[in-house]
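In what follows, a structure is listed as structure tokens, so that the remarks can point back to it.
Residue numbers start at 1 and run along the sequence shown. Since the model is a prediction, treat every value here as computed from it, not as a measurement.
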Amino acid sequence: MVSQVASDQFIQDLERIAQVRSEMAVCLQNLSETIHQAELDGESSSGKLSLERDLEDIDIASKNLKKGVFRLLVLGDMKRGKSTFLNALIGENLLPSDVNPCTAVLTILRYGAEKKVTIHFNDGKSPQQLDFQSFKYKYTIDPAEAKRLEQEKKQAFPDVDYAVVEYPLTLLEKGIEIVDSPGLNDTEARNELSLGYVNNCHAILFVMRASQPCTLGERRYLENYVKGRGLSVFFLINAWDQVKESLIDPDDTEDLQAAENRLRKVFQANLGEYCHVDGQDIYDERVFELSSIQALRRRLKDSQADLAGTGFPEFMSALNTFLTRERAIAEFRQVRTLARQAVNHTREAIGRRIPLLDQNVAELKSRIDSVEPEFKKLTDIRDQFQKEIFNTRDSQARKISESFRSYVMNLGNTFESDFLRYQPELNLWDFLSNGKREAFNAALQKAFEQYMTDKCAAWTLTAEKDINAAFKELSRSASQYGASYHQVTERITEKLTDKQVKVNAASGGTDEDNSPTWAKWAMGLLSLTSGNIAGFAMAGVGFDWKNILLNYFTVIGVGAVIGTIISPILGPIYIPLLGLGVGFLQADQARKELVKTAKKELVKYLPQVANEQSAIVFDAVKECFDSYEKEVSKRINDDINSRKSELDNLLKQKGTREINRDTELRRLKTLQENIIAQLQKIEAVYSNLLATYS
């Protein structure tokens, strides 16, 4: 039973990762408690070592580890079998997956000791708990109803933020959390909102259907919201078994092979570009042919059923490798870096403190005064880097806002060719019929919405690439400023102690380990973020310039540009169509007149859009760099102030009490031994994990 082996292996690996998370979280917590207690003890001896920033960072990391999960986002058009796939994956008929209903609210599936559904509202109402049957009945809609709501630009449940489904399932208990989204073709606004949580999931499971290979809507979404954004996407081609059922003679193996190969070529042509990582073609590791309904039927009869032939064993094996051998190890590597950093900072502080214990107040004050010029150099480095960030901010804000202005102003140049793919089927008899005029208007307006949304999305990707390049340049600068900063702090230590203090990292440190904490953060080597559901978006803790941009660029997209352009130009478009007369109602001529007039009206409003929205773009880019600068400056200031307060604490203690040198020496050495022991535990846990997967 190959499928059961793959499933069991996945559960075992998830359990192993959960165990590593738990062990590392405990080690970090013990490390924090050890340092915190030492700081309390220092208040009655030689003074605190001022390690507040390290304590704050490892406390955040420890909390994130304890609640850490792998979050999977399920995307796809309506009626692609997303809920059937999820039910097959978890082995329960849990989510609505009947023939007709569509999931109509964002649903988060996570572990809970008891079966429970909680509806979270966005209008201030308290969350509501439901049983599963009531949830399925109340929060699913018929596809026809979904289509009508889409055309009317209405949400099925506008007062609902999201639903949380808790269930005691092994897969969820071992660290998987699943976000099931409504259909992508819900509304254009919904498509944009999905970006808010796409960026904060470990992987996207994009569900398609073999009988509808790569529809225009799916290609649009992939091109505008996935392409070029560095996202990890698994493509799940559902209902693959129906390829056989669609044949005249399902038992004709040659005909079946030919039909399947034709389909594979279509998917390969459309999905191939999304399956390259670092120049490597990983199509076979990202695209899977599934039969979810067959897998679900088998698992409902027998939870241990063999799923061979349904595509699930192959998919779960690939997902397992990605999550546990790639994403988890990267996460734990950062935890190890953070622990090394906290330990080295503590050891450095101890190394500075011990030689100063023998000095009297006058000698100590003299030495502290002697390093004032060095502290001035540290603030100079901070100011220089801050200035570079501000210069980058101003130049990028101007450049990108001007890029948006030019982009918008040039839309008219390619409108006639660009709009062809969006233009609705044009039947002027429908337009002239009062009974069908409303449907014609809705189709035309939707075409403009799709056109403008895609154009805005294409430009935002260009903007993101420019900003990313700018941050990479700042990362290189942070490395250089960090090296200079480290040299100055070494000189401070030498002047204070009359000798060069070398702290050999217990783990065999590298030059990178010598970079100050703020430089590691600024270089992107250290992240304390952890995604959390917050409405339709996921809010992170810490700096995330993509989410800042998202908040602004969604305003630029459907909300503002469409509002400015579409309504005013629809009326004038109809005039030349009416003027054609019944004798000239040829589709081609009508189509040309529509595009010609649409372009003429569009160009009238482009300057207004360019002027109004370029200011929003300027503010968005500026805020990205302002947020970055604020965190960098705070971290540098924290480091400088902690170094100063470390000396002031010792000076104050020497001035108020007699310090027992031997007792203090034993306390500091015990502290050093304890923190090294905690670090060695983290190193051992990490090394054992690597050895397991080597």
Side-chain angles (χ1 to χ4, degrees), residues 28-59 339-376 378 485-486 488-506 514 516-517 635-679:
L28 283 181
Q29 186 174 350
N30 291 340
L31 180 61
S32 174
E33 290 174 355
T34 300
I35 296 174
H36 180 70
Q37 185 59 51
E39 291 290 74
L40 291 177
D41 294 341
E43 292 179 347
S44 58
S45 51
S46 67
K48 296 168 67 173
L49 299 175
S50 296
L51 298 166
E52 290 84 358
R53 166 56 76 177
D54 291 287
L55 286 171
E56 181 181 340
D57 284 350
I58 58 180
D59 283 344
R340 285 180 176 181
Q341 195 166 250
V343 169
N344 285 343
H345 286 175
T346 306
R347 297 180 69 199
E348 288 168 2
I350 293 172
R352 288 189 295 270
R353 176 61 54 88
I354 291 175
L356 298 178
L357 292 175
D358 294 328
Q359 297 173 6
N360 59 38
V361 172
E363 289 174 331
L364 181 59
K365 191 172 187 315
S366 175
R367 288 183 181 273
I368 293 175
D369 290 342
S370 73
V371 297
E372 272 303 313
E374 304 303 327
F375 276 108
K376 176 63 168 60
L378 295 182
Y485 191 96
H486 177 69
V488 176
T489 57
E490 287 287 279
R491 284 198 297 273
I492 290 175
T493 299
E494 291 171 17
K495 285 188 175 185
L496 287 171
T497 62
D498 273 341
K499 61 180 181 180
Q500 191 170 3
V501 178
K502 286 291 183 183
V503 178
N504 297 318
N514 291 328
T517 309
R635 286 180 172 270
I636 297 177
N637 288 334
D638 285 349
D639 188 80
I640 294 173
N641 292 334
S642 69
R643 291 174 184 277
K644 287 183 176 180
S645 63
E646 170 196 332
L647 298 173
D648 292 340
N649 292 339
L650 175 59
L651 185 62
K652 179 181 177 182
Q653 295 299 86
K654 279 184 171 289
T656 57
R657 63 167 51 89
E658 185 70 28
I659 299 173
N660 187 310
R661 184 187 185 283
D662 291 339
T663 301
E664 185 64 357
L665 194 59
R666 283 195 300 271
R667 184 183 75 85
L668 293 174
K669 287 188 174 180
T670 299
L671 169 61
Q672 180 164 286
E673 290 169 359
N674 289 340
I675 61 173
I676 290 175
Q678 292 301 329
L679 175 60

Taking everything shown except Lys652 itself, do over 12 heavy atoms lie less than 6.0 Å from its NZ?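 No.
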Give a yes or no on this: more than 12 heavy atoms of other residues, nucleotides or ligands lie within 6.0 Å of atom CD of Glu658.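 It does not: Glu658 CD has 12 such atoms or fewer within range.
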Do [X] and [Y] sit within salt-bridge range, that is, some charged N less than 4.0 Å from a carboxylate O?
| X | Y | answer |
| --- | --- | --- |
| Arg666 | Asp662 | no |
| Lys365 | Asp369 | yes |
| Arg635 | Asp639 | no |
| Arg667 | Glu664 | yes |

N/O donor-acceptor pair under 3.5 Å between [X] side chain and [Y] backbone:
| X | Y | result |
| --- | --- | --- |
| Ser32 | Leu28 | no |
| Arg353 | Ser46 | yes |
| Glu39 | Ser50 | yes |
| Gln678 | Asn30 | no |

Testing the basics here: between [X] and [Y], what is the closest heavy-atom pair and its distance to 0.1 Å?
| X | Y | answer |
| --- | --- | --- |
| Ser642 | Ser645 | O-OG, 3.1 Å |
| Ile58 | Ala342 | CG2-CB, 4.1 Å |
| Arg367 | Leu496 | CD-O, 3.2 Å |
| Lys654 | Leu357 | NZ-O, 2.8 Å |
| Ile492 | Glu374 | CG1-CB, 3.4 Å |
| Thr497 | Gly351 | CG2-O, 4.5 Å |

Less than 4.5 Å apart, any side-chain heavy atom of [X] and any of [Y]?
| X | Y | answer |
| --- | --- | --- |
| Asp638 | Glu52 | no |
| Thr489 | His486 | yes |
| Asp54 | Ile35 | no |
| Gln341 | His345 | yes |
| Leu31 | Leu679 | no |

Got a second to check how far [X]'s [atom1] is from [Y]'s [atom2], nearest 0.5 Å?
| X | Y | atom1 | atom2 | result |
| --- | --- | --- | --- | --- |
| Leu650 | Ile368 | CG | CD1 | 7.0 Å |
| Arg352 | Thr493 | CZ | OG1 | 5.0 Å |
| Glu490 | Lys495 | CD | NZ | 14.0 Å |
| Leu647 | Leu49 | CG | CG | 10.5 Å |
| Arg347 | Arg340 | CZ | CZ | 12.0 Å |
| Ile676 | Gln672 | CD1 | CD | 4.5 Å |

With distance as the sole criterion, is a donor-acceptor pair present between the side chains of Gln37 and Asp41 under 3.5 Å?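 Indeed, the side chains of Gln37 and Asp41 share at least one donor-acceptor pair under 3.5 Å.
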